[in-house]
S.K.: 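Just passing along the structure, written as structure tokens.
No experiment lies behind these values; they were computed from the predicted model shown. Proteins get letters first, then strands, A, B, ... in listed order; numbering begins at 1 in each.
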2 protein chains.
Amino acid sequence: MTQPTMRQVAERAGVSIALVSLVMREAPNVSDYRRQLVVDAAAELGYRPNVLARNLASRRTNTIGVVLNDLHNPFFAEIIDGLQNAADAAGHQVLIGNGRHSKAGESEMLETFLQFRVDGLVLVGSTASLSTIEAAAQITPLVAVGRTTRSKKFDTVNTDDKLGARLAVEHLLALGHSRIAHIDGGSGAGARARREGYAASMTTVGMADHISVARGDFSEIGGYKAARELLSRRQVPTAIFVANDLSAVGALDRAEEAGFCVPTDMSIVGYDNTSLAATHHLSLTTINQPREELGRLAFQSLLERLKSGRTAAVHRVVAPSLVKRRTSGPVHSREQAR
Amino acid sequence: MTQPTMRQVAERAGVSIALVSLVMREAPNVSDYRRQLVVDAAAELGYRPNVLARNLASRRTNTIGVVLNDLHNPFFAEIIDGLQNAADAAGHQVLIGNGRHSKAGESEMLETFLQFRVDGLVLVGSTASLSTIEAAAQITPLVAVGRTTRSKKFDTVNTDDKLGARLAVEHLLALGHSRIAHIDGGSGAGARARREGYAASMTTVGMADHISVARGDFSEIGGYKAARELLSRRQVPTAIFVANDLSAVGALDRAEEAGFCVPTDMSIVGYDNTSLAATHHLSLTTINQPREELGRLAFQSLLERLKSGRTAAVHRVVAPSLVKRRTSGPVHSREQAR
DNA sequence: CGGCGAGATTAGAGCGCTCTAATATCTACT
DNA sequence: AGTAGATATTAGAGCGCTCTAATCTCGCCG
């Protein structure tokens, strides 16, 4: 159970420890002859470099830590996919830590990664306080994904949520809707920008008096409850723009339960374009966030700090797009007639 | 950007490095007076222990590695939840690596964790070869979740999938169905046991000639295609037991598309009881796997090997249960009459 | 044939910590 | 006061690797 070390490999190969080190790091200027000796000896012994020792000595870990808060949300999984592809290509390892929806859990995870001396840190959908994040950013390059807070200490990567909201509203307007309501994401990441985007778009087209927002929390049940409230208001909307897909599912539920036929009587548009929205069964019209790209850009930001030593914060924004599916349609004539 | 070390803390506090080490490890037999000196000095310097050095010196990492293959499947996320709760309670860190559906990716992740000298390894839904896993298990305690292969080298934690399949079949039988088909999970983890459980249950009740299996792959699209095939067979089933929830959604899609009304004309039962199945909108009847417990037991297995030095393999099995929802119902009279 | 320089190899000093063994300090008793 | 027996503290030798600087090799040139 005790693993062989370089020393043993060196002895077996009849060379110095330093040479073994060079071979392990695939350094140039090692003769093929000795390289082979070392490779063989290592194979025979089942030698495996000790990353701890290597990192300690080299003061680099070649590893970046990702702090996540919701393993259940496919949205995050796809960000990681993009991140990991980019990291792989650059020869970096990715380790994931679960903050588990709590600020305490998140900063604990942050601390763990700092203790591991990771080369960089990515926070996805973080709700940690600005000061916590800035403190960590002081120590190691850091980028936050999906956090609109601008800071000079760390980078961010975001979708233009205001634009996303506008796309949703304009889509519904084009279908003839005017009583367009919004179920928001409460204090969650990106909720505010989407809410503001919705309100701004409505105002722009002179429908400020149709603005109607119900509070949600990005969860399915939250969407359900918010929809229940909306549908019992005096002015029943003909369309609802919901702040994320999960909530949209809840809203859809409630609408159908209340006897509305979607999309005939009621159009619903979600946000994120998670795999959930794409299921045929749901086929939810939604706003796509380019998740893989978010992940890719996050890594790129880190790499820039790592390689070129950039220290000035960079804030990247990517564009969302509309994905039309089956939950949105032209406003019903009967409704229009009213 | 360069972090303070114990040496500096020791100097500032006017004590030895060893004493700082003791304080950091919360050792007993340190006077309150000096402890305070050290704690203060550390705080002033913003000292943070270097886990790499600590682990190198102590030959323990206090960290367990989890190799996952599908970040998108909520099923796995919940296993991690259970695992992490248990690990937390025992003061262990959990780091997650993504094998990304490929054997290569998986063994690369395995290698990474081994290089990190993690204290233990958990494989979730692994498809790596037995020899790969056994090789890793040779080096560090290892437990596989959802892998039915028995090995003397590592522990496993599983749901009793045969029983799960039986529960599904018996539920459908009780509703009056006889033409019960199965969409399997191909070569995925647990697929075989579910398939066999289905066949066995059908045989037991004398319906061996109604056995009808279509090949799936645990994906939504796989379920869709398999259902299309099943519904075009001469003997159209009145119920389908699908090997997991995701595929069940695909099957449901196809059934509705083909004009079947669920559950009036067609009952569908899934497997896993993921959050997907629980959405009101789907409300899928399914077989529950106690995911948190799977995670908890996995950690427990590891802990036993770590603490009590157990080396004999232990294979734990937990019981699944039926969750009735809206996609299963009594067989339609018209169907019965045929 | 001595000398030069590029390439190949190695010695050895850390990296920041833990841990054993030794030493110092402090009771409590005789 | 002297001492056994804790209890506190520390020196110093690693842990397994990297990296700089020094040394060794050898083909090649004048």
S.K.: So what does A:Arg25 touch, heavy atoms closer than 4.0 Å: a base, only the sugar-phosphate, or nothing?
M.R.: base

S.K.: Which whole-number value in Å describes the distance from A:Leu22 CG to C:dA11 C1'?
M.R.: 13 Å

S.K.: Whole-Å distance between C:dC17 P and B:Asn62 CG?
M.R.: 17 Å

S.K.: Is it the case that more than 12 heavy atoms not belonging to A:Arg192 sit under 6.0 Å from its CZ atom?
M.R.: no

S.K.: Just N and O in the side chain of B:Ser16: are any of them under 4.0 Å from OP1 or OP2 of D:dT10?
M.R.: yes

S.K.: By nearest heavy atom, map B:Ala53 and B:Ala18 onto DNA chain D; which one lands nearer the 5' end?
M.R.: B:Ala18

S.K.: Is any side-chain nitrogen or oxygen of B:Ser21 closer than 4.0 Å to OP1 or OP2 of C:dC19?
M.R.: no

S.K.: Does C:dA8 have its OP1 or OP2 closer than 4.0 Å to a side-chain nitrogen or oxygen of A:Asn29?
M.R.: yes

S.K.: Below 4.0 angstrom from OP1 or OP2 of D:dT18, is there any side-chain N or O of A:Arg54?
M.R.: yes

S.K.: Rounded to whole Å, how long is the line connecting atom CG of A:Asn55 with atom P of D:dG16?
M.R.: 15 Å

S.K.: Between A:Arg100 and B:Asp88, is the salt bridge (charged side-chain N to carboxylate O under 4.0 Å, His left out) condition met? List the steps.
M.R.: CA-CA 12 Å; A:Arg100 300 193 275 164; B:Asp88 270 12; 2.3 Å; yes

S.K.: Which whole-number value in Å describes the distance from B:Gln8 CD to C:dG16 P?
M.R.: 8 Å

S.K.: Would you mind reading off the distance between A:Arg35 atom CZ and C:dT10 atom P, rounded to a whole angstrom?
M.R.: 14 Å

S.K.: Consider the side chain of B:Val30, meaning its heavy atoms from C-beta on, and name the nucleotide among D:dT9, D:dC17, C:dT10 that approaches it most closely.
M.R.: D:dT9

S.K.: Which whole-number value in Å describes the distance from B:Leu37 CG to D:dA8 P?
M.R.: 15 Å

S.K.: Would you kindly say whether B:Gln138 and B:Glu134 are connected by a side-chain donor-acceptor distance under 3.5 Å?
M.R.: no

S.K.: So, OP1 or OP2 of C:dT18: does either fall under 4.0 Å of a side-chain N or O from B:Ser58?
M.R.: no

S.K.: Taking the nucleotide of DNA chain C with the closest heavy atom to each, which residue, A:Ile17 or A:Pro28, is nearer the 5' end?
M.R.: A:Pro28

S.K.: For B:Leu45 and C:dG16, give me the distance from atom CG to atom P, rounded to whole Å.
M.R.: 13 Å

S.K.: Taking CZ in B:Arg310 as the centre, count heavy atoms belonging to other residues, nucleotides or ligands within less than 6.0 Å. Is the count above 12?
M.R.: yes

S.K.: Under 4.0 Å from OP1 or OP2 of C:dC19: is there any side-chain N or O of B:Arg60 that close?
M.R.: yes

S.K.: Select base, sugar-phosphate, or nothing to describe what B:Tyr33 touches, counting heavy atoms under 4.0 Å on all strands.
M.R.: nothing

S.K.: If I take atom CZ in residue B:Arg59 and atom C1' in nucleotide C:dC17, what distance separates them, rounded to the nearest angstrom?
M.R.: 11 Å

S.K.: Within the structure, does a side-chain N or O atom of B:Ser31 lie under 4.0 Å from either OP1 or OP2 of D:dT9?
M.R.: yes

S.K.: Examine D:dC17: is either OP1 or OP2 under 4.0 Å from a nitrogen or oxygen in the side chain of A:Asn50? Give yes or no.
M.R.: no

S.K.: Are OP1 or OP2 of C:dG16 and a side-chain N or O of B:Arg7 less than 4.0 angstrom apart?
M.R.: no

S.K.: Which is it for A:Ile79 and A:Arg296 under the side chain to side chain contact (heavy atoms under 4.5 Å, CB included) test, yes or no, and what are the steps along the way?
M.R.: CA-CA 8 Å; A:Ile79 290 179; A:Arg296 205 176 50 69; over 6 Å; no

S.K.: Checking all strands, does A:Leu52 fall into the base, sugar-phosphate, or nothing category for heavy-atom contacts under 4.0 angstrom?
M.R.: nothing

S.K.: With a 4.0 Å cut-off on heavy atoms, is A:Val15 in touch with a base, just the backbone sugar-phosphate, or nothing at all?
M.R.: sugar-phosphate

S.K.: If you look at every heavy atom in A:Leu83 and A:Gly295, which pair is closest and at what distance?
M.R.: CD1-O, 3.2 Å

S.K.: Name the nucleic acid region contacted by A:Arg117, choosing base, sugar-phosphate or nothing; use a 4.0 angstrom heavy-atom cut-off, strictly under.
M.R.: nothing

S.K.: May I ask you to evaluate whether B:Arg34 reaches the phosphate of D:dT9, defined as a side-chain N or O under 4.0 Å from OP1 or OP2?
M.R.: yes

